[in-house]
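Reminder, nothing fancy here: chain letters follow the sequence lines and each chain counts from 1.
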Number of protein chains: 2
Amino acid sequence: MKQVTVYDIAKEAKVSVATVSRVLNDTAPVRASTREKVEAIMQKYQFQPNANARSLLKKETGIIGVILPDITNPFFPEVFSGAEQEGREFGHTFFLCNTIGLHDKESEFLTMMQEKRVDGIIFMGGRINLKDCKPALIQEVVEHAQKIPLVLVNGNLKDSGLTRVITDEYAGTVLAVKHLIDIGHTKIGFIGGESHMSTTAVKIRAYKKTIKDAGLQLHEEWILPGSFSVDSGREQMEALLKLTDKPTAVCCVNDFTAIGAIKAAVEQGLRVPDDISIVGFDDIPLAHHVIPELTTVSQQANSLGRTAVRVLRELMSKEKVKKVYSLEPELVIRQSTAPVTDGYKI
Amino acid sequence: MKQVTVYDIAKEAKVSVATVSRVLNDTAPVRASTREKVEAIMQKYQFQPNANARSLLKKETGIIGVILPDITNPFFPEVFSGAEQEGREFGHTFFLCNTIGLHDKESEFLTMMQEKRVDGIIFMGGRINLKDCKPALIQEVVEHAQKIPLVLVNGNLKDSGLTRVITDEYAGTVLAVKHLIDIGHTKIGFIGGESHMSTTAVKIRAYKKTIKDAGLQLHEEWILPGSFSVDSGREQMEALLKLTDKPTAVCCVNDFTAIGAIKAAVEQGLRVPDDISIVGFDDIPLAHHVIPELTTVSQQANSLGRTAVRVLRELMSKEKVKKVYSLEPELVIRQSTAPVTDGYKI
DNA sequence: ATCGCTCATGAAATCAATTTCATTAGCATA
DNA sequence: TATGCTAATGAAATTGATTTCATGAGCGAT
């Protein structure tokens with residue numbers, strides 16, 4: 001069954017396609033009787049105008065492309081959701097591309113979005129955040145950004161000149177470590193992500209600064225790398241607990257790591273938070289479903305998405321925008337942290 | 001900066017647009033020297049063909065639309081991911097639409113996808129699965145399906161004539177309940193979702209049948225409704241534990257509910273699984289991150305997505321397809337279930 | 001020399017909308 | 001009555017690709 005076009009409608013209504021278009025878009029006055037006639041026929045055939053044809057002419061698609069590393073990581077659906085909420089009232093539709101494990105797909109997706117002529121791109125890079133990210137990729141992203149409005153979310157590319165929306169990870173980490181210090185901890189460890197990720201570097205810097213500012217001793221052996229995963233949190237926590245001089249609190253690079261750390265501690269017979277305090281980062285929905293509920297730093301993922309779309313829309317309308325929009329994270333105190341006790345069991 | 005078109009390329013290369021198109025798509029022989037000349041110019045201007053123009057003519061967009069209730073529910077990203085993996089090698093791109101809390105958006109999204117002329121639609125309905133779903137909505141989905149290939153994922157619309165990919169929830173529930181019986185439980189409860197959801201109805205039917213087939217007594221007061229959420233699992237578990245005659249095992253409608261149930265039990269001082277066994281449904285990634293790790297029925301969300309795309313592609317190529325593709329769920333035994341002990345503490 | 005074939009290419013039509021420009025009718029004003 | 005204005009409409013151009021049809025060149029066979 002062939003799709004109905006404006007020509008079919010026009011023919012049956014004995015008017016020109018221009019008139020049909022006017023009825024469709026209310027772009028010029030049409031006599032009431034004509035309008036009704038045309039509308040009736042559109043109704044009859046369940047006419048749906050072809051958005052491709054329209055986009056071709058208008059040079060806008062209403063589509064926003066989103067590129068992110070892994071949609072199964074609960075942080076990203078949250079961001080996406082925020083973006084969608086913000087975009088909905090303006091009629092935006094979203095392409096979603098997962099680069100999961102396929103870092104080299106990033107440029108392929110960028111090209112695809114160019115070809116589809118999306119109105120804007122939200123880029124949450126995986127690879128682009130590597131400390132040793134190839135300048136070529138950065139260059140490529142920058143070039144795409146010159147053709148299509150693009151905002152980088154949580155990307156740490158300082159001198160790329162790209163518009164960025166980020167959480168202040170430094171400030172967030174300070175919040176977490178300060179909280180542990182405030183409730184009396186003096187022996188605080190840190191489990192990070194891959195050491196070549198800039199996120200890890202930023203957070204470790206914040207951690208060290210806060211420890212030093214509080215006049216505490218810095219123990220390099222309490223600072224361990226990881227991989228942002230539950231398993232890495234578990235492994236590294238086991239390592240920490242094998243030390244003779246153990247920390248009484250651990251700050252983790254993200255919630256997954258913290259959940260793994262809790263698991264390891266519990267498996268060793270420790271009670272969280274009675275024997276050891278653990279704090280995460282991100283505040284994924286799961287954080288208040290685990291036992292004990294996780295004290296963590298909220299990234300406000302939803303706002304991140306909303307802001308990204310807001311900024312993107314400003315870019316699209318050629319407004320001048322700031323280079324960086326930084327969202328302040330918040331500490332969410334739940335059950336996995338508590339004041340130090342003397343009776344550290346092991 | 002104006003976008004470069006085939007005409008610009010053709011002009012500069014002193015050939016016709018037809019030749020440029022041939023170089024682009026390798027659709028007819030072109031002299032090597034001509035090809036090189038054209039390619040060099042395309043390279044020079046970073047030419048990206050306009051996919052909208054192409055789609056207009058070819059009547060295909062390579063886009064698959066996905067409509068789902070809530071991307072922040074970890075089950076759905078998993079399905080989406082599977083779909084994306086399957087679609088990737090055929091060059092499909094994905095629209096993602098969240099109907100979260102906006103059930104009336106479902107038809108709006110369907111219309112939008114029609115207008116964008118997507119090649120196919122994967123529909124994971126929220127509202128469409130209500131037992132009292134308005135016939136009008138069903139009718140609408142069916143009508144859309146006549147124009148654009150559409151598969152319903154986990155939709156329980158038996159007589160709609162729509163192509164469906166589903167998990168066999170009945171069989172999965174039987175698996176879960178049998179497992180509890182096998183390890184010695186005779187007093188088994190069930191916490192469901194909203195009672196007007198067909199999922200709930202199917203699972204309760206399976207639960208009852210399995211209990212009866214094993215010759216066990218059916219206790220209606222052990223069968224409670226819920227809302228698929230962590231909180232509802234917690235509340236309903238509290239209710240079960242207030243009974244004088246309590247179950248020693250509880251089967252839950254999904255993992256969220258099970259996680260809530262575990263929380264409630266732990267808060268009441270019970271040990272899971274020593275004092276009470278709990279089994280979930282879905283096997284969300286989180287299931288092996290909670291403490292204790294959750295015994296659950298795996299929906300194989302990823303395969304669900306992959307299969308949906310596979311079936312959709314068959315539909316697109318006008319192949320005849322079966323009406324229903326049913327995936328067999330699997331029982332995943334972890335730590336939240338164990339044989340009954342006499343020493344039920346409370 | 002002529003026929004038939006393949007290779008390489010171009011002109012023009014096509015897809016389904018929007019938009020510009022022109023035209024007509026009807027009415028008020030000078 | 002002539003002029004000017006607005007409302008309503010249509011014809012045709014436009015958007016950026018693909019595709020069909022036509023044409024010419026080059027080459028081998030007869």
### Heavy-atom donor-acceptor pair, B:His92 side chain to B:Ile63 backbone, under 3.5 Å
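Such a contact is absent between B:His92 side chain and B:Ile63 backbone.
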Q) How far does SG of A:Cys97 sit from CD of A:Glu106, to the nearest 0.5 angstrom? A)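 Nearest 0.5 Å value for the SG-CD distance: 11.0 Å.
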With sugar-phosphate taken as primed atoms, P, OP1 and OP2 and all else as base, the protein-contact string of nucleotides 4-10 of chain C at under 4.0 Å (heavy atoms; B, S, -) is ----SBB
Exercise. Of B:Val321, B:Leu312, B:Ile64, which is the lone residue that meets side-chain contact (heavy atoms from CB on, under 4.5 Å) with B:Pro149?
Worked result: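 When side-chain contact (heavy atoms from CB on, under 4.5 Å) is applied between B:Pro149 and each of B:Val321, B:Leu312, B:Ile64, only B:Leu312 qualifies.
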Quiz item: Which pairs pass side-chain hydrogen bond (donor to acceptor under 3.5 Å, both in side chains) with one or both residues in residues 299-308 of chain A, sequence neighbours excluded?
Solution: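 Listed once each, the pairs are A:Gln85-A:Arg306, A:Glu86-A:Arg306, A:Asn154-A:Gln299, A:Thr167-A:Gln299, A:Asp282-A:Gln299.
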Given atom OH of A:Tyr7 and atom C1' of C:dA17, what is their separation to the nearest angstrom?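 Rounded to the whole Å, the gap is 7 Å.
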Partner set under ring-ring contact (aromatic ring centres under 6.0 Å, His included) for A:Phe47, not counting sequence neighbours: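 Counting only residues at least two positions away or on another chain, A:Phe47 forms no ring-ring contact (aromatic ring centres under 6.0 Å, His included).
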List the residues meeting salt bridge (Lys or Arg N to Asp or Glu O under 4.0 Å) with B:Glu108, not counting sequence neighbours, and say none if there are none.
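Partners of B:Glu108 by the salt bridge (Lys or Arg N to Asp or Glu O under 4.0 Å) criterion, ordered by chain and then number, come out as B:Lys105.
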Taking only residues two or more places apart in sequence or in another chain, which ones pass side chain to side chain donor-acceptor pair (under 3.5 Å) with B:Tyr45?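 Partners of B:Tyr45 by the side chain to side chain donor-acceptor pair (under 3.5 Å) criterion, ordered by chain and then number, come out as B:Glu12.
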**Prompt:** Could you give the distance from CE (B:Met113) to CZ (B:Phe123), rounded to the nearest 0.5 Å?
**Reply:**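 So the CE of B:Met113 and the CZ of B:Phe123 are separated by 9.5 Å.
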Under the rule for ring-ring contact (aromatic ring centres under 6.0 Å, His included), what residues qualify as partners of B:Phe75, not counting sequence neighbours?
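B:Phe75 satisfies ring-ring contact (aromatic ring centres under 6.0 Å, His included) with no residue once adjacent residues are dropped.
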Residues in contact with DNA chain D, drawn from residues 38-57 of chain A - heavy-atom cutoff 4.0 Å:
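Within this stretch, A:Leu56, A:Leu57 sit under 4.0 Å of the strand.
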Please list all pairs meeting side-chain hydrogen bond (donor to acceptor under 3.5 Å, both in side chains) that have one or both residues in residues 58-70 of chain B, counting only residues at least two apart or in different chains.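 side-chain hydrogen bond (donor to acceptor under 3.5 Å, both in side chains) check on residues 58-70 of chain B returns B:Thr61-B:Asp119, B:Asp70-B:Thr72.
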Do B:Gln139 and B:Glu143 get their side chains close enough for a donor-acceptor pair, meaning under 3.5 Å?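 Present: a donor and an acceptor within the cut-off.
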**Asked** Roughly how many Å is it from CD in A:Gln3 to P in C:dT14, rounded to a whole number?
**Response**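 Whole-Å distance recorded here is 20 Å.
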By side chain to side chain donor-acceptor pair (under 3.5 Å) - contacts of B:Ser317 (at least two apart)
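Residues passing side chain to side chain donor-acceptor pair (under 3.5 Å) with B:Ser317: B:Glu319.
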query: Taking 5' to 3' order, which nucleotide of DNA chain D is first and which is last to have an atom within less than 4.0 Å of a heavy atom in chain A?
result: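 The protein-touched segment is D:dA8 to D:dG16.
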List the atom pairs, donor and acceptor, that lie under 3.5 Å between side-chain atoms in residues 19-27 of chain B and the rest of the protein, sequence neighbours left out.
residue	atom	partner	partner atom	Å
B:Ser21	OG	B:Asn25	ND2	3.4
B:Asn25	ND2	B:Ser21	O	3.0
B:Asp26	OD1	B:Arg35	NH2	3.0

- Query: What is the distance from NZ of B:Lys58 to C1' of C:dA16, rounded to the nearest Å?
  - Reply: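 Spelled out: NZ on B:Lys58 to C1' on C:dA16 is 17 Å.
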- Item | Degree of bending in the helix from C:dA1-D:dT30 to C:dA30-D:dT1 once both end axes are built from five pairs, to 10° |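 The angle, to the nearest 10 degrees, is 60°.
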